Structures are given as structure tokens and as C-alpha cells.
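Numbers here are sequence positions counted from 1. Bear in mind the structure is a predicted one, so any value in this text is a computation, not a measurement.
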Amino acid sequence: MKLSPFPSPPALIRQWQDGEIEREEMQRLMAEHQAALLEEAEQYYQNPISGYIEGLLNKRAARRLTMSHGEAAIRELFMALSWLDDFPPAAFLWNANHWDVSLHAFFRTRSEPVFRVREMMIKSSRAVILIEHGSAKKSEIRRERITFKRHWKGEMEVAKREAL
């Protein structure tokens with residue numbers, strides 16, 4: 001499943017409100033986004049064992065981070081990542097501030113495109129996160145260290161990105 005060729009729903013709405021795209025274009029891209037999500041759900045339906053294992057791995061990753069840093073802090077960082085235009089996993093993270101969506105739904109441990117959090121350090125006004133995303137192959141995966149800072153409104157924003 002490839003969601004990166006088009007922007008996340010909030011980015012599409014922002015582009016439409018700014019007049020960059022027409023309403024029909026926004027609706028077409030939203031429909032593509034929905035179709036890609038439904039296609040992935042169908043893949044898990046066709047192979048329930050791999051879907052179950054992926055779910056267990058994602059729950060374990062979410063639980064590990066939640067025990068160390070708290071769910072609210074993790075969701076805040078995921079939302080800051082979702083606003084990046086050139087960040088492919090933003091297509092999965094755009095609704096991280098919706099508490100009715102389980103935190104483990106944002107992790108993708110094995111299924112492509114993967115999104116794994118390797119390390120996380122959170123302080124009150126800054127945070128650093130080491131993530132892996134992209135291909136499931138170790139040789140093709142992208143590793144990034146992303147530094148966040150709290151801006152004057154009190155929200156976290158991406159301050160620096162480094163490819164590793």
C-alpha cells in the first residue's frame with residue numbers, strides 16, 4: 001500500500017482552503033486515500049494471521065513507548081510529524097490527535113510502508129525521536145532523527161531532521 005503519492009486529508013483540506021486545488025480535486029484525492037485504506041483492510045482480511053501478528057507487534061511497540069513517555073506526549077509528536085509535507089508516513093499519522101483511534105494503529109512494524117519508533121526522548125520543551133520508515137527491507141529503510149521544540153503557542157513542532 002502506497003499512501004505517499006498524495007497528501008494527507010488535513011493537507012488536502014488546507015490546500016483547498018488556500019485555493020491551491022479545486023474542490024473536485026480534493027474529493028478525488030480523498031477518495032484515493034480512502035480506497036488505499038480499504039485495500040489494506042482487504043489484505044488483512046485475506047490473510048488474518050499476518051494481520052493478527054502485525055497487530056500484536058504494533059500493540060507491543062505502542063505499549064513500550066506509552067509506559068516510558070505517556071500517550072499524550074506520543075500523540076503530540078505524531079501530530080507534529082503529520083504536518084510535514086515531505087514525510088510519507090504523514091498519511092497514517094494525520095489523525096493522531098483523535099483519542100478514539102488506538103495508539104497502536106499508527107505503528108507499522110512489518111507491513112509496508114513501515115513506521116517504527118526506535119528511540120524517543122521527551123522533555124517539557126523539546127523532544128528527539130529516532131524513526132525508521134519506508135521499505136521493509138533493512139537495506140532500503142530510511143532512518144531519521146527528528147528534533148522537536150515547543151513553539152510560542154505551546155505546541156510541538158519539528159525543528160530539525162537528520163537522515164542517518
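Through side-chain heavy atoms spaced under 4.5 Å, either directly or across other Ile, Leu, Val, Met, Phe, Trp or Tyr residues, V128 is tied to M121. Cluster partners of L164 are L130, counting Ile, Leu, Val, Met, Phe, Trp and Tyr whose side-chain heavy atoms approach within less than 4.5 Å, directly or via other members. Think of W99 as one node in a network of Ile, Leu, Val, Met, Phe, Trp and Tyr side chains linked at under 4.5 Å; it has no links at all. Within the hydrophobic cluster formed by Ile, Leu, Val, Met, Phe, Trp and Tyr side chains joined at under 4.5 Å, directly or through other members, L57 is accompanied by I49, I53.
Not counting sequence neighbours, the partners of E42 by the side chain to side chain donor-acceptor pair (under 3.5 Å) test are Q46. Listed by chain and number, the residues in a side chain to side chain donor-acceptor pair (under 3.5 Å) with R161 are D86, E144 (sequence neighbours excluded). In this structure, H104 has no ring pair (Phe, Tyr, Trp, His ring centres under 6.0 Å) partners at least two apart in sequence or on a different chain. Not counting sequence neighbours, K123 has no partner by the salt bridge (charged side-chain N to carboxylate O under 4.0 Å, His left out) test.
More than 12 heavy atoms of other shown residues, nucleotides or ligands fall within 6.0 angstrom of atom CD in E140. Taking a 6.0 Å sphere around CZ of R28, one finds it holds more than 12 heavy atoms contributed by other residues, nucleotides or ligands.
Each of E155, R126, M156 was compared with R150 under the side chain to side chain contact (heavy atoms under 4.5 Å, CB included) criterion, and only M156 meets it.
Within the structure, the ring-ring contact (aromatic ring centres under 6.0 Å, His included) test picks out the following pairs touching residues 111-140 (sequence neighbours left out): F78-F115, F87-H133. Applying the ring-ring contact (aromatic ring centres under 6.0 Å, His included) test to every pair with at least one member in residues 39-61, sequence neighbours left out, gives no pairs at all. Judged as a ring-ring contact (aromatic ring centres under 6.0 Å, His included), not a single pair has a partner in residues 143-164 (not counting sequence neighbours).
Side chain of R110 to backbone of V114: no donor-acceptor contact under 3.5 angstrom is found. No donor-acceptor pair closer than 3.5 Å links the side chain of S68 to the backbone N or O of L65. Panel note: side chain R116, backbone E132; no donor-acceptor pair is recorded below 3.5 Å.
Atom OG1 in T109 sits 3.5 Å away from atom CG in N58 (nearest 0.5 Å). Rounded to the nearest 0.5 Å, atoms CD (E157) and CG (L84) are 10.5 Å apart. Rounding to the nearest 0.5 Å gives a distance of 5.5 Å between CD of E40 and OG of S111. K59 NZ to L103 CG: the interatomic distance, rounded to the nearest 0.5 Å, is 12.0 Å. For the atom pair Q27 CD and E32 CD, the distance stands at 13.0 Å (nearest 0.5 Å). Note that the NZ atom of K138 and the CD1 atom of I141 stand 9.0 Å from one another [nearest 0.5 Å].
Hydrophobic clustering, with ILVMFWY side chains joined whenever heavy atoms are under 4.5 angstrom apart, keeps F106 apart from W83. Under a hydrophobic clustering in which Ile, Leu, Val, Met, Phe, Trp and Tyr are joined whenever their side-chain heavy atoms come within less than 4.5 Å, directly or via other members, F92 and M120 fall into different clusters. Linking ILVMFWY residues whenever their side-chain heavy atoms come closer than 4.5 Å, directly or via other members, leaves M26 and W94 in distinct clusters.
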Would you mind writing out the side-chain donor-acceptor pairs for residues 11-23 within the sub-3.5 Å range, not counting sequence neighbours?
unit_1, atom_1, unit_2, atom_2, d
R14, NH2, D85, OD1, 3.3

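Side-chain contact between M79 and R75 is absent, with no heavy-atom pair separated by less than 4.5 Å. Taking the side chain as every heavy atom from C-beta outward, H33 and L29 never approach each other to under 4.5 Å.
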